[in-house]
Amino acid sequence: NAGVTQTPKFRILKIGQSMTLQCTQDMNHNYMYWYRQDPGMGLKLIYYSVGAGITDKGEVPNGYNVSRSTTEDFPLRLELAAPSQTSVYFCASSWSTEAFFGQGTRLTVV
Amino acid sequence: ELKVEQNPLFLSMQEGKNYTIYCNYSTTSDRLYWYRQDPGKSLESLFVLLSNGAVKQEGRLMASLDTKARLSTLHITAAVHDLSATYFCAAEYGNKLVFGAGTILRVKS
C-alpha cells in the first residue's frame, strides 16, 4: 500500500512564484488535511476536507488554496509565495480512528 | 476553539529512568493521538485513545486518557537511547486534528 503520497519532496521557490503541492491517498479516506511545520514547532492546520467537494479553513489558511475534486487527491496551492511560507508541509488522511501522514514537502521561498 | 498544550517542551533524561509527558486540551475531544517524529521524518502513529480511562502500552511507552480532566499522559519506562525523538499529542474535535507543540526527548547514555 502506498498510503499518503506527497510530491515534490523538496522545492525552492522565488518570492511571488506559485506552485501546487500534490497529495494523494489510496486508502479511500474521506478526511484529508494539510499542515505546516516550522522548525522546532508543532503542526498547524492549513486546510482540511471531509470529502470530495468539501473543504474548510484551518488555523493558518492565508496565502493558500485547496480543492478536493476526488476522494484520493487534495492539492495545496500557493499563489504568491512569500518567505513566511518557508516550512515543511505535511498532508494527512484519516478514517475513524487513525490519521496517516505523508513524508512531507520541504519548501523554501527565497 | 480547541487548544492543546504539552509539557515539558524539552526533556533530557538518563537511560533507565522513568518520566511522563503531559498533554492538556481545552475542550471536549473525540479522540486523542500520540505521534513520534524523528528528525527530518514524517509522523509515526503511536497510540489512539478513544474513551475515558483508556490505557494503551507498546514496549516502554504507555499512554492514558482522562477525559474529565482533559488530560492525556505518555509515560516512558526505563528509557533507552532509541526513544530519542519528538513526541506530539493531537486532539480531534469535529473534523479537525489539533496538535500540541511537541516534546523533544533526549535520552542520554
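Proteins get letters first, then strands, A, B, ... in listed order; numbering begins at 1 in each.
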Side chain to side chain contact (heavy atoms under 4.5 Å, CB included) between B:L97 and A:Y35, intermediate numbers included: CA-CA 10 Å; B:L97 194 56; A:Y35 291 89; 3.0 Å; yes
Residues A:F101, B:Q37; criterion side chain to side chain contact (heavy atoms under 4.5 Å, CB included); working and verdict: CA-CA 11 Å; A:F101 283 78; B:Q37 187 180 38; over 6 Å; no
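Linking Ile, Leu, Val, Met, Phe, Trp and Tyr whenever their side-chain heavy atoms come within less than 4.5 Å puts A:F74 and A:M19 in one cluster. Following chains of ILVMFWY side-chain contacts shorter than 4.5 Å, one can reach B:Y93 starting from B:Y25, so the two form part of one hydrophobic cluster. A single hydrophobic cluster is not seen to contain both B:F99 and A:M32; linkage of ILVMFWY side chains at heavy-atom distances under 4.5 Å, directly or through other members, places them apart. Residues B:Y87 and B:Y33 do not share a hydrophobic cluster, clusters being chains of Ile/Leu/Val/Met/Phe/Trp/Tyr side chains in contact below 4.5 Å. Both B:V48 and A:F90 are members of a single hydrophobic cluster when ILVMFWY side chains are connected at heavy-atom separations under 4.5 Å.
With a threshold of 4.5 angstrom between heavy atoms, A:L45 approaches chain B through side-chain atoms but not through N, CA, C or O. Neither the backbone nor the side chain of B:E44 comes within contact range of chain A; no heavy atoms are under 4.5 Å apart.
Counting heavy-atom pairs closer than 4.5 Å to chain B, the top-ranked of the candidates A:G58, A:S49, A:A92, A:G102 is A:G102.
Using modelled atom types, no side-chain atom of B:S42 and backbone atom of A:G104 make a donor-acceptor pair closer than 3.5 Å.
Residue A:E59 holds its CD atom at 8.5 Å from NZ of B:K96, rounded to the nearest 0.5 Å.
For CD of B:E58, the number of neighbouring non-hydrogen atoms (other residues, nucleotides, ligands) closer than 6.0 Å is 12 at most.
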